[in-house]
Amino acid sequence: MSERVSVRVLLFGDQAEIVADVSPENRADPVRYPAADIAAAIGVEVGDLPGMRLTAEVGWGDRLSDWRLA
């Protein structure tokens, strides 16, 4: 069974930096995904992504997918 995690989104150009929505001492290094892909998945404009809280499914190699608004 897959796991869903809560994340926050920061934006760096055309990349969305994904940060686990947990306390800083429990947080892993952020990872980047194409911002346009995430925005399209949740139905918002790329410029609306910064600060959003989302959930995502953790897949093979700890890659995130199936983005949803939290």
Side-chain angles (χ1 to χ4, degrees):
M1 180 171 201
S2 61
E3 175 187 7
R4 288 201 76 77
V5 293
S6 296
V7 298
R8 280 186 306 116
V9 181
L10 305 173
L11 201 60
F12 290 92
D14 64 350
Q15 296 290 302
E17 186 169 272
I18 305 300
V19 179
D21 198 7
V22 297
S23 62
E25 61 271 7
N26 293 322
R27 199 173 289 156
D29 291 335
V31 292
R32 292 186 180 180
Y33 293 85
D37 293 352
I38 296 171
I42 60 171
V44 302
E45 297 293 323
V46 169
D48 294 333
L49 285 174
M52 282 191 150
R53 284 181 162 69
L54 307 175
T55 65
E57 187 174 305
V58 180
W60 186 84
D62 290 333
R63 292 296 295 173
L64 301 177
S65 63
D66 191 25
W67 305 97
R68 298 182 189 170
L69 292 170

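- Taken from CZ in Arg8 to CD1 in Ile18, the straight-line distance is 10.5 Å, to the nearest 0.5 Å.
- Side-chain contacts under 4.5 Å among hydrophobic residues (ILVMFWY), followed directly or transitively, place Val19 together with Leu10, Phe12.
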Show the atom names and distances, to 0.1 Å, of all donor-acceptor pairs under 3.5 Å that link a side chain in residues 31-52 to residues at least two apart or in another chain.
unit_1	atom_1	unit_2	atom_2	d
Arg32	NE	Glu17	OE1	3.2
Arg32	NH2	Glu17	OE1	3.3
Tyr33	OH	Leu64	N	2.9

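- Applying the side chain to side chain donor-acceptor pair (under 3.5 Å) rule to pairs touching residues 58-70 yields Arg4-Asp66, Asp66-Arg68, sequence neighbours excluded.
- Taking 4.5 Å as the limit, every side-chain heavy atom of Thr55 sits out of range of all side-chain heavy atoms of Val7.
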